[in-house]
Structures are given as C-alpha cells and as structure tokens.
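For this chain, numbers begin at 1 and follow the sequence in order. Excluded from the calculations below are hydrogen atoms, water molecules and symmetry mates; all remaining heavy atoms, backbone and side chain alike, are included.
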Amino acid sequence: MRGSPTIRDVAKRAGVAVSTASLALNGRPHVSHETRLKVLKAAEELGYHPHAAARHLADGRARNLGLIAPISLEHLFASSGFFARLIRGLHRAAAEHGYVLSLHIAESEEEAGARIRAAVRSRNVDGLVITNPTVSSPYLSDLKRHRVPFVFVGRPVEEAPYVDNDNVEVSRLAVRHLVEGGHRRIAFLIGPDRFTFCQDRLLGYRRALNEAGLPCEESLIWRSELVEGDAYRVVRKTAPNCRFTALFAGSDVQAVGAIRALRELGLRVPQDIAIACVNNTELAQHFVPPLTTVDLHEYWLGYWAGKRLVQKIEGEEEAAEYRILIPAELIVRRSSGGKPNPKSKEVS
C-alpha cells in the first residue's frame, strides 16, 4: 500500500513546483492568493499532514492551546458550520505539534477578558487563539501586559498577529458577481459595526459599486445581528420601503432570514431578487435554492492560526508571517440567478 501523501504529491496535484507548494503550505509570502488556494485545496484533498518534529513531553509547557470565542451562544450555534470547520483546522495544527485544544466560550468581551486573565493566572494554556475581534477588544491590554502568546482570527484594530481573509475582497467578489448579472440596485445586509470584518466588508461593498460606476445608497445598507431571526426582522421591516433587485448578505444564516422575509413579501429568489452571501457551509449548499456564496475556507483559517500560535510559543516568531491572509473563493449557485428579467418587480 502506498504511504502517506508527500509534499511532492501536493505539488503535483496543484500543478506547481515543490518549492512553491512548500512556500504556500508554510504561509510564506511571494505566493499569489490563487496559487495558495490551489495548494491548500490539494493538501486537503490528499489528506497531507506536514511531518511534525519530535516534541519533548517534559518541556515545562501545558501543551494546550486555548480558543476563545467572545460571542454569544446564539451566534455560536447560528454560525456552527463556520466554527466547526475553524476548530477542525485548529485541532489539526495543534495535534501536528503535540498540543491539545481547549474551547472557551465568552458571552461578552468582558467575559472574554476574565477568561483570558484566568487562563494566564492558572498557566493551563500556552497560548490563545481569539476569534471575532471588535473595534474595542478591551482584553488586548491584558494579553500584551502578561506577554501571553496569542493570534487573532480576524483583523484586530491594534498591531497584533492575525489570520484572516481579505474581507474587502470578499465583498467585492460577491457584489461584482451580482453587477455582472445585470443588477444595479444591490442591497447589503451586513452584521454589526463593532466587528472589524463587517467594517471591511462594507468597504468592499462600496468599492465594488464605485468600480462599476454605481452609486452607493445608504438606504440599501441594512444592519442585523449575525443570526437568522434578526436578519428576517430587519429585511421584513426595511425591504418594503426600498427598490432593489439583488441582495448581498454577510452570512448564510442572514441570507436564510432575508429569503424568508422576501417570500412573505411575495418575492421569489432568484426570479425577483438575486441573493449572494458569505460562508459556504452545508446550509448554503443544501438550502432551496442553493446559495451563491463566498467560501472563506475556515478550515485553513483555523489551521494557520494554530500553526502561527505554535511558532510564537516555540520562539520561531522571526520565521512567521505577522499576517496571513487565506484566499476566499466565489461559489456560484442558483440563488443569484442570471440577468434580472426587465419585467421582474422591484420592492417598492
């Protein structure tokens, strides 16, 4: 039986040189987003696991990486597909280096700060991965003061190591697709402004409209929490007062809430309103109609956050990239349809 896949197998599958595959798999620069994505997908398809050097069990470390998610349980459950894939990637990175993973849920930023301080005092974790940074992130001062190794999943507001997508480009991919489908009035259902990724995606939405020579109408920018119920409430209340033929939702659960509201308003997807969203979870794949979405490759967000954190813990910081961006990918399905029918009614 053939042994485990090697980096040569990954390079062959991706159609690149072995040296290029190595750069991509180790998060190094000088590799394009498109090439990195091909290499990462090839590695995942083949089940490639980089060889981890032998680790000393008695090195004085807890061999434990902590994942802190400062979000409500409602948001966590609503985003279960996102976090499941993120945790899978993080777990794989931890296991490759001889670490275990512990999950800490915090219902608020204040609770996140308390959990961080408790983890530092107890010394039961060697480092922390923290998701969903906000514009305030009050726990940053605690992290820096106690010199605990940490990595964000998401762009922090202050200088700090992080792994993320280019969320400006995430929005540009989706909005450009809708524009290319002939849409000129595109609503944006975005998450709360306190999250940095929401700020970046709003910038991408504005930029895509500007590049297409279209005005950005503030009345078509709607905010909801990142849960289906609130998205439904906002769209059901706001859409009857607006004219649009397409909607870009910041997550698949928001898209589902929006579609439920649109159907109650007598509108069909995609015949009357085209929909695109973010997060290529199973919900997006199996919803009716299947959702056009931007895949964030959350598995690799988690994997590289874990790998980057281990590099910091083990003193390899000079060899690690300060920021790692995982390329996103537009997945086109039926919810965005084709060009809008001139006779298709707009919400008015």
Side-chain angles (χ1 to χ4, degrees), residues 65-83 86-87 90 103-120 125 127-146 148-171 188-206 221-231 234 249-254 277-279 294 296 298 301-302 304-305 308-309 322-326 328:
L65 306 183
L67 171 62
I68 293 186
I71 58 173
S72 69
L73 285 172
E74 182 184 16
H75 180 189
L76 178 68
F77 292 140
S79 307
S80 59
F82 175 95
F83 279 98
L86 181 83
I87 290 171
L90 181 54
L103 174 62
H104 307 266
I105 303 299
E107 290 275 351
S108 66
E109 290 188 324
E110 291 72 22
E111 185 180 346
R115 287 189 176 277
I116 287 169
R117 290 189 292 273
V120 170
V125 297
L128 296 169
V129 172
I130 306 167
T131 68
N132 298 74
T134 65
V135 294
S136 57
S137 298
Y139 41 77
L140 253 176
S141 58
D142 287 324
L143 289 166
K144 292 180 176 179
R145 182 170 65 254
H146 293 291
V148 58
F150 68 93
V151 174
F152 280 105
V153 175
R155 178 183 64 81
V157 290
E158 297 181 22
E159 189 172 285
Y162 71 96
V163 179
D164 200 2
N165 309 104
D166 180 345
N167 279 296
V168 174
E169 181 63 15
V170 166
S171 285
F188 185 16
L189 181 61
I190 189 174
D193 193 48
R194 65 181 180 273
F195 293 119
T196 57
F197 74 86
C198 291
Q199 295 183 346
D200 291 346
R201 289 180 191 171
L202 179 57
L203 176 60
Y205 167 78
R206 295 183 188 277
I221 299 173
W222 312 334
R223 290 193 180 275
S224 82
E225 293 295 326
L226 301 171
V227 293
E228 190 266 350
D230 199 47
V234 169
S251 72
D252 52 5
V253 292
Q254 285 178 300
C277 62
V278 180
N279 297 136
V294 180
L296 303 180
E298 298 93 340
L301 288 173
W304 287 109
R308 177 70 175 89
L309 181 58
Y322 185 79
R323 176 190 72 171
I324 297 176
L325 292 180
I326 302 300

Enquirer: State the CH2-CG distance between Trp222 and Leu189, to the nearest 0.5 angstrom.
Expert: 7.5 Å
Enquirer: Starting at OH of Tyr162, measure out to OG1 of Thr131 and round the result to the nearest 0.5 Å.
Expert: 16.0 Å
Enquirer: Side-chain contact, heavy-atom cut-off 4.5 Å: Ile68 with Phe150?
Expert: no
Enquirer: Taking only residues two or more places apart in sequence or in another chain, which ones pass side chain to side chain donor-acceptor pair (under 3.5 Å) with Asn167?
Expert: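 Scan of Asn167 (side chain to side chain donor-acceptor pair (under 3.5 Å), adjacent residues dropped) gives Asp164, Arg201.
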Enquirer: Is there a side-chain contact between Pro149 and Leu309 (heavy atoms, below 4.5 Å)?
Expert: yes
Enquirer: For Pro192 and Ser224, work out which heavy atoms get closest and say how close.
Expert: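 Heavy atoms of Pro192 and Ser224 come nearest at CD-O, 3.5 Å.
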Enquirer: Check Cys198 against Ile190 and note the closest heavy-atom contact, atom names and distance.
Expert: O-CD1, 3.1 Å
Enquirer: Over all heavy atoms of both residues, which pair between Glu225 and Asp230 is shortest? Give the atoms and the distance, please.
Expert: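 Nearest heavy atoms, Glu225 then Asp230: N-OD2, 2.7 Å.
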Enquirer: Who pairs with Phe188 by ring pair (Phe, Tyr, Trp, His ring centres under 6.0 Å), at least two apart in sequence or on another chain?
Expert: Tyr205, Phe248
Enquirer: Would you mind reporting whether Val129 and Val153 have side-chain heavy atoms less than 4.5 Å apart?
Expert: yes
Enquirer: What verdict does the side-chain contact (heavy atoms from CB on, under 4.5 Å) test give for Arg155 and Arg323, after you've listed the backbone C-alpha separation in whole Å, the side-chain angles of each residue and the deciding distance to 0.1 Å?
Expert: CA-CA 9 Å; Arg155 178 183 64 81; Arg323 176 190 72 171; over 6 Å; no
Enquirer: Give, for atom CZ of Phe82 and atom CG of Leu296, the distance between the pair rounded to the nearest 0.5 Å.
Expert: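 The distance works out to 6.5 Å.
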Enquirer: Applying side chain to side chain donor-acceptor pair (under 3.5 Å), can you list everything that pairs with Thr134, at least two apart in sequence or on another chain?
Expert: Glu109, Ser136
Enquirer: Nearest 0.5 angstrom please: Leu103 CG to Leu65 CG, how far?
Expert: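 Here the interatomic distance stands at 12.5 Å.
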Enquirer: Does the Glu298 side chain pair with the main chain of Phe83, one donor and one acceptor, at a distance under 3.5 Å?
Expert: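 Not a single qualifying donor-acceptor pair exists.
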Enquirer: Any side-chain heavy atom of Asn165 sitting closer than 4.5 Å to one from Phe197?
Expert: no
Enquirer: Which atoms form the tightest heavy-atom contact between Val278 and Gly250, and what is the distance?
Expert: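 Scanning both residues completely, I find the closest heavy atoms to be CB-O, 3.3 Å.
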Enquirer: Using the test side chain to side chain donor-acceptor pair (under 3.5 Å), find all partners of Ser171 that sit at least two apart in sequence or belong to another chain.
Expert: none
Enquirer: List in chain and number order the residues that pass salt bridge (Lys or Arg N to Asp or Glu O under 4.0 Å) with Glu169, two or more places apart in sequence or in another chain; answer none if no residue qualifies.
Expert: Arg172, Arg176
Enquirer: Between atom CG of Leu202 and atom CD1 of Ile221, what is the distance when rounded to the nearest 0.5 Å?
Expert: 5.0 Å
Enquirer: Report the residues that fulfil side chain to side chain contact (heavy atoms under 4.5 Å, CB included) with Ser251, sequence neighbours left out, ordered by chain and then residue number.
Expert: Val253, Gln254, Asn279
Enquirer: For Glu158, enumerate each residue passing the side chain to side chain donor-acceptor pair (under 3.5 Å) test, keeping only those at least two apart in sequence or located in another chain.
Expert: Lys144
